[in-house]
Amino acid sequence: MAAKVLGLGMLILGLSFGGAQAAPDPVERADAIVRRAMAEQHIPGLQIAVVKEGQIVMSHAYGVADLAKGTPVTSATRFPINSITKAFTGVAAMREVEAGRLDLAAPIGTYVGGLPESWRSIPVRRLLSHNSGLPDFDDSDGDGTAAWTATLAKPIRFQPGERFEYNQTNYALVQIAINGLRGRPREATVADEQFALAGMSHSGFGDTRDVDPGRVVSYGYRKAQPDQPTVRTEIFSPLHRAAAGMVSTADDMARWLIALRGEALLKSSTKAMMWTPVANNDGKPGQWGMGWLVLERSGRRAVAMTGGSRSAVYLYPDDKVGVVILTNLAGSTPEDLIDEIAQGFIPGMTLTGVPALRAALNGQEGLDPAATITRFRAANPDFAADEHELNDWGYRLLAFGKPRSALAVLKLTADLNPTSANAFDSLGEAYAVNGARASAIAAYDKSLALDPANKNAAQWLEKLKKPPR
């Protein structure tokens with residue numbers, strides 16, 4: 001199976017190996033993957049850095065930081081890394097654990113005062129792993145202080161540990177807790193110590209309100225005008241800056257990975273704890289450790305974090321390889337390139353599961369993604385993939401203008417997980433976006449049958465079953 005999957009990946013790259021022909025240089029191969037993605041997705045600017053054996057072995061900059069001015073991206077250009085900031089907060093929290101100041105099993109009310117009674121008993125680890133059940137902290141509720149006050153008044157969404165649900169409140173609380181332990185103002189940033197220890201001289205915090213000539217302009221594409229980028233404004237209030245708000249360079253991020261791979265930031269035993277998925281109440285492992293996604297990659301460990309669907313960092317700890325890609329285009333999903341790039345730097349690594357399917361599906365949106373998946377599964381009858389990872393990928397495709405590919409991926413997710421209410425809920429949305437009303441109703445009916453408490457499915461069914469005006 002592995003050989004077939006690898007062959008598909010090479011065909012996607014337009015590379016072929018015959019006889020004793022040498023494999024391509026991994027840097028040249030990565031460069032080709034990046035250039036392909038930039039051309040296909042109209043990415044204005046990008047940086048990539050690859051770390052291997054404690055050294056930066058690739059550092060390239062591409063494109064422009066500001067389309068209006070034509071400013072080129074250099075290795076010193078700073079990019080917002082959005083939610084990758086959470087991985088820094090995870091490290092900051094684990095440094096407090098190492099110092100004996102923070103207990104992951106302790107209730108958050110031990111460290112943060114003035115919380116609603118229903119919040120106080122939630123263990124710290126459930127905040128870091130996003131299965132706390134807390135309501136989301138959203139700046140649309142007002143400025144930072146008003147938004148936080150509004151969040152405190154919202155009800156708990158579910159019992160802590162019941163399921164995964166990503167939100168920003170978790171990390172605001174961790175920020176307040178860490179700062180309280182360090183005797184700092186509650187809104188202080190928590191990653192600065194790591195910048196100093198890792199030698200990250202081009203990193204800091206900020207948003208589009210700040211005057212920073214060395215920072216990229218952020219862009220997005222409207223679905224109606226996919227070739228005309230629009231400037232994005234992003235504002236992160238002080239209590240959001242443990243969850244987002246960092247700016248950095250790929251080289252600085254690479255230095256951080258090198259420091260993290262050694263013991264400059266954390267001991268090996270602490271990292272093992274940080275990179276272990278936190279189990280839900282039913283005993284099944286969740287998607288996150290402490291501030292990090294934990295992934296399985298063809299029998300090897302991979303830990304990752306992504307930001308704003310435009311920046312990503314992956315570390316393969318046992319292989320001593322890390323890959324960082326930063327872009328200035330929301331929706332460019334560089335995480336979808338990283339396994340393919342890492343394959344060139346890790347001897348013997350084959351693409352299986354989601355990364356293999358992703359390589360096969362690249363460029364298929366205008367063709368027939370469903371047929372591509374059918375052929376892929378026929379060539380790889382033992383194909384298996386994590387439900388959460390497939391579902392997340394399908395939603396990214398849906399959110400960023402690839403509805404046909406999203407439908408094909410979410411149909412596969414439901415096929416592989418026939419008893420998952422969430423898989424059919426997601427499939428229902430994909431059918432609805434693709435205009436397949438009857439199929440959407442059938443998928444939501446199935447989801448509701450599997451989980452009668454699924455309010456989202458019930459709301460969609462009510463909307464879909466209304467007679468058209």
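Checked for salt-bridge contact, Glu165 and Arg157 meet the test: a charged N lies under 4.0 Å from a carboxylate O. Glu335 and Arg310 are not joined by a salt bridge, as no carboxylate oxygen comes within less than 4.0 angstrom of a charged side-chain nitrogen. Note on Arg125 versus Asp103: no salt bridge recorded, every NZ/NE/NH1/NH2 to OD/OE distance being 4.0 Å or above. For the pair Glu40 and Lys402, the salt-bridge criterion is not met [side-chain N within less than 4.0 Å of a carboxylate O]. Between Arg297 and Asp318 there is no salt bridge, since no side-chain N of the basic residue sits under 4.0 Å from a carboxylate O of the acidic one.
A side-chain N or O of Asn170 and one of Ser132 form a donor-acceptor pair less than 3.5 Å apart. A donor-acceptor contact closer than 3.5 angstrom is absent between the side chains of Gln343 and Thr350. Between the side chains of Tyr316 and Asp339, at least one donor-acceptor pair of N or O atoms lies under 3.5 Å. A donor-acceptor contact closer than 3.5 angstrom is absent between the side chains of Asp425 and Asn422. Side-chain contact, Thr233 with Thr208: no donor N or O sits under 3.5 Å from an acceptor N or O. Judged purely by distance below 3.5 Å, without hydrogens or angles, the side chains of Glu429 and Tyr444 never pair a donor atom with an acceptor atom. Using modelled atom types and a 3.5 Å distance limit, the side chains of Glu98 and Thr270 yield a donor-acceptor pair.
Between the OG1 atom in Thr89 and the CE atom in Met94 there is a gap of 13.0 Å [rounded to 0.5 Å]. Arg35 CZ to Leu46 CG: the interatomic distance, rounded to the nearest 0.5 Å, is 10.5 Å. How far CG of Leu257 is from NZ of Lys320: 15.0 Å, rounded to the nearest 0.5 Å. Rounding to the nearest 0.5 angstrom, the gap separating the OG atom in Ser426 from the CG atom in Leu398 is 9.0 Å. Atom-to-atom distance recorded for Trp148:CH2 and Leu239:CG is 6.5 Å, nearest 0.5 angstrom. Note that the CZ atom of Phe376 and the CZ atom of Phe383 stand 5.5 Å from one another [nearest 0.5 Å].
The side chain to side chain donor-acceptor pair (under 3.5 Å) with Tyr166 is formed by just one residue from the set Gln287, Lys86, His130; it is Lys86.
Between the Asp451 side chain and the Ala453 main chain, a donor and an acceptor come within less than 3.5 Å of each other. Under the 3.5 Å distance criterion, the side-chain polar atoms of Thr110 are left unmatched by any main-chain donor or acceptor of Ala106. A donor-acceptor contact shorter than 3.5 Å links the side chain of Arg241 to the backbone of Phe236. No donor-acceptor pair closer than 3.5 Å links the side chain of Ser447 to the backbone N or O of Ala443. Side-chain atoms of Asp368 come within 3.5 Å of backbone N or O of Ala371 as a donor-acceptor pair. Not a single donor-acceptor pair under 3.5 Å links the side chain of Ser332 to the backbone N or O of Asn328. A donor-acceptor distance shorter than 3.5 angstrom exists from the side chain of Gln175 to the backbone of Ala242, with no hydrogens or angles considered. A donor-acceptor pair under 3.5 Å is formed between the side chain of Thr169 and the backbone N or O of Pro135. Counting only distance, with no hydrogens or angles, the side chain of Asn167 and the backbone of Leu134 share a donor-acceptor pair below 3.5 Å. Under the 3.5 Å distance criterion, the side-chain polar atoms of Ser439 are left unmatched by any main-chain donor or acceptor of Ala436.
Closest approach of Phe137 and Ala172 over heavy atoms only: CD2-CB, 4.0 Å. Of all heavy-atom pairs between Ala312 and Ile338, the closest is CB-CD1, 3.7 Å. Of all non-hydrogen atoms in Leu295 and Ala304, the two that sit nearest each other are CD1-CB, 4.0 Å. Heavy atoms only, all atoms of each residue included: Ser248 and Ile81 are closest at CB-CG2, 4.2 Å. Annotation for Pro44 and Leu329: closest pair CD-CB, 3.8 Å, computed over non-hydrogen atoms. Here the closest heavy-atom approach between residue Asp207 and residue Ile235 is recorded as OD2-CA, 3.5 Å.
Counting heavy atoms from C-beta on, the side chains of Leu416 and Arg377 come closer than 4.5 Å. Side-chain atoms of Val321 and Val51, non-hydrogen and from C-beta on, never get closer than 4.5 Å to each other. Between Arg29 and Glu340, the closest side-chain pair of non-hydrogen atoms falls below 4.5 Å. Side chains of Val216 and Pro80 form a contact here, defined as non-hydrogen atoms less than 4.5 Å apart. Looking at heavy atoms from C-beta onward, Tyr314 lies out of side-chain contact with Val324 at the 4.5 angstrom threshold. Counting only heavy atoms from C-beta outward, the side chains of Asn131 and Arg163 never approach each other to under 4.5 Å. The shortest distance between side-chain heavy atoms of Met38 and Ile33 does not fall below 4.5 Å. Considering only heavy atoms from C-beta on, Val294 stays 4.5 Å or farther from Trp288 through its side chain.
A cation-pi contact, defined as under 6.0 Å to the ring centre and within 45° of the axis, links Arg358 to Trp393.
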| request: Apply side chain to side chain donor-acceptor pair (under 3.5 Å) to Glu387 and Ser420, showing your working. | output: CA-CA 9 Å; Glu387 177 188 347; Ser420 170; 2.5 Å; yes
| request: Would you sort out whether Ile346 and Arg300 count as a side chain to side chain contact (heavy atoms under 4.5 Å, CB included), showing the intermediate values? | output: CA-CA 11 Å; Ile346 301 175; Arg300 54 179 26 93; 3.5 Å; yes
| request: Take Val174 and Glu96 through the side chain to side chain contact (heavy atoms under 4.5 Å, CB included) test and state the conclusion after the steps. | output: CA-CA 11 Å; Val174 172; Glu96 297 303 303; over 6 Å; no
| Step-by-step side chain to side chain contact (heavy atoms under 4.5 Å, CB included) determination, Leu173 to Leu115 | CA-CA 10 Å; Leu173 288 171; Leu115 296 178; 3.7 Å; yes
| Leu104 and Leu128: side chain to side chain contact (heavy atoms under 4.5 Å, CB included), yes or no, with the steps? | CA-CA 9 Å; Leu104 296 174; Leu128 287 163; 3.8 Å; yes
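Within 6.0 Å of NZ on Lys271 lie more than 12 heavy atoms contributed by other residues, nucleotides or ligands. Taking a 6.0 Å sphere around CD of Glu162, one finds it holds more than 12 heavy atoms contributed by other residues, nucleotides or ligands.
Residues that satisfy the ring pair (Phe, Tyr, Trp, His ring centres under 6.0 Å) test with Phe88, not counting sequence neighbours, are Trp256.
Here the two rings, on Phe164 and His388, have centers that are 6.0 Å apart or farther.
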